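Okay, so here's the structure we're looking at.
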Amino acid sequence: MNRKEYVLSQFGLGPRWVRRGQTYPAALASAAAEKMPAVLPSSAEMTHTERLSPAMDPAQPASSQLQQALSADRPAYAYAERQAQALPLAESPYQAVQLSPAQPPARALPPMDWATLEAEVKGCTRCRLCETRTQAVFGRGNPKARWLVVGEAPGEQEDRQGLPFVGRAGQLLNNMLRAAGLDSDTDVYIANVIKCRPPANRNPSQDEIAACQPYLRQQIDHIQPSLILALGRFAAQTLLETTEPIGRLRGKVHHYASTPLIVSYHPAYLLRTQPDKAKAWQDLVFARREMAHLQGKP
Ligand code: SF4
């Protein structure tokens, strides 16, 4: 297996992967094979894959149909993610994170050493998510790593195992990092914006984010990463305090405080949206280049 094939296999692209816009019939066949139940109708914004889906009811607001699609069928995420970006914020089922001055400030946390911080998170009751979690998920990896990967919130498996990015999304993340020459145990630290699972994987509310943010801030202060990789719109918007859609945030070097930050897709989203895996690989290559630049390498 050559290098290219190896990288593609790590991303799960394999022989079924087709470049978007290049082989349309093959892309349709591939999506059909996946039985992608996606969603929508005749929107010019829809991808070829999405056009496979049954039509939406034009009499209903798009936002409510998206909500239904999300709750009824997780693979509909692919369309919903894209569509949510096109909706006005007030309608979006993804309610962009707005850290405006109007948001109640989080109760301050005293500076803690790493072990105390972890213990504090494990026993935290600062927001209502403590009532429904199995356990809080602090993070995994090397707390002295140069790379910090930040995701959204624990899902069912993470809540059960007490570790971030386990299950299929975690496997994909590990494979992506490995393909980029990074060991997920030694070269990176992985954490989430929110430490406890929101019930039924709903989006965290703004007060929950505000309550939990001091933990991530202190984690970043301890780790002092050279580069942060924010995975998914939720992590990116929270760390950058913006409402910009992920498509506009990718491909640039942002900063969290003074730490360079690069945005890419969340692995859970990539599991449902094969074509965007190639974009995620571009993001990782971009991040590797930026890290080499930061280390003074050519
Ligand atoms: S989500 Fe964060 S703030 Fe809320 S209980 Fe869990 S650790 Fe505490």
Side-chain angles (χ1 to χ4, degrees), residues 94-100 103-130 133 135-155 158-159 162-166 169-170 173 184 188-198 201-244 246 249 254-264 266-268 287:
Y94 284 85
Q95 287 304 314
V97 176
Q98 297 181 66
L99 301 177
S100 66
Q103 183 175 322
R107 266 186 296 135
L109 274 179
M112 288 174 250
D113 62 38
W114 187 258
T116 308
L117 185 65
E118 181 165 6
E120 186 78 15
V121 167
K122 298 278 181 195
C124 179
T125 56
R126 283 165 65 91
C127 82
R128 66 184 76 79
L129 295 182
C130 70
R133 73 183 179 212
Q135 56 191 316
V137 177
F138 186 66
R140 71 175 164 98
N142 179 2
K144 298 195 183 314
R146 288 178 184 275
W147 292 77
L148 173 63
V149 176
V150 179
E152 181 178 324
E158 288 79 10
D159 176 67
L163 293 168
F165 284 98
V166 291
L173 176 63
S184 60
V188 301
Y189 192 81
I190 301 171
N192 283 316
V193 171
I194 289 279
K195 309 301 185 196
C196 302
R197 183 193 181 202
N201 295 342
R202 67 157 168 79
N203 284 345
S205 63
Q206 289 198 352
D207 62 322
E208 291 160 356
I209 295 163
C212 209
Q213 256 216 330
Y215 293 128
L216 181 61
R217 284 204 194 110
Q218 287 209 26
Q219 283 179 302
I220 295 173
D221 289 346
H222 278 290
I223 298 166
Q224 295 192 0
S226 301
L227 191 144
I228 298 172
L229 191 59
L231 299 183
R233 194 151 64 96
F234 186 86
Q237 289 184 339
T238 301
L239 287 170
L240 295 176
E241 300 189 14
T242 180
T243 55
E244 285 280 297
I246 196 166
L249 295 172
H254 306 270
H255 286 87
Y256 172 87
S258 58
T259 306
L261 183 152
I262 287 173
V263 171
S264 189
H266 195 283

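Given the structure is predicted, the values throughout are model-derived calculations rather than measurements.
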Donor-acceptor contact below 3.5 Å, side chain [X] vs main chain [Y]:
X	Y	value
Q213	A210	no
Q218	P110	yes
E152	A235	no

Interatomic spacing from [atom1] in [X] to [atom2] in [Y] - rounded to 0.5 Å:
X	Y	atom1	atom2	result
I246	S264	CD1	OG	6.5 Å
Q219	M112	CD	CE	10.5 Å
C127	R133	SG	CZ	8.5 Å
R217	L117	CZ	CG	13.0 Å
L173	H266	CG	NE2	8.5 Å

[X] versus [Y], closest heavy-atom pair with distance:
X	Y	answer
G155	N201	CA-OD1, 3.7 Å
P198	P154	CD-O, 3.9 Å
L239	Y256	O-CD1, 3.4 Å
Q224	D221	CG-O, 3.1 Å
L129	R202	CD2-NH2, 3.6 Å
P204	F234	CG-CZ, 3.3 Å

When you compare the side chain of [Y] with that of [X], does any pair of heavy atoms fall below 4.5 Å?
X	Y	answer
V263	L240	yes
P260	H254	no
L261	V150	no
Y215	C124	yes

Just jot down the side-chain hydrogen bond (donor to acceptor under 3.5 Å, both in side chains) partners of R128, sequence neighbours excluded, or say none.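 With sequence neighbours excluded, R128 shows a side-chain hydrogen bond (donor to acceptor under 3.5 Å, both in side chains) to S205, D207, E208, given in chain and number order.
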
Test log, rule side-chain contact (heavy atoms from CB on, under 4.5 Å), inputs L216 and T238: CA-CA 11 Å; L216 181 61; T238 301; 6.0 Å; no

Would you please name every residue forming a ring pair (Phe, Tyr, Trp, His ring centres under 6.0 Å) with H222, sequence neighbours left out?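 So H222 forms a ring pair (Phe, Tyr, Trp, His ring centres under 6.0 Å) with W114.
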
Could you work out, with side-chain contact (heavy atoms from CB on, under 4.5 Å) as the rule, every residue matching [X], not counting sequence neighbours?
X	answer
A287	W147, L227, L229, I262
A169	P267, A268, L271
E244	T242, R248, L249
L163	R140, V166

Within a radius of less than 6.0 Å around NZ of K122, do more than 12 heavy atoms belonging to other residues, nucleotides or ligands occur?
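Counting neighbours around NZ of K122, more than 12 heavy atoms of other residues, nucleotides or ligands fall under 6.0 Å, so yes.
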
query = Can you tell me if CZ on R146 sees more than 12 non-hydrogen neighbours from other groups inside 6.0 Å?
reply =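 No, not enclosed.
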
Go through the steps for I209 and I194 under the test side-chain contact (heavy atoms from CB on, under 4.5 Å), then give the verdict.
-> CA-CA 7 Å; I209 295 163; I194 289 279; 4.2 Å; yes

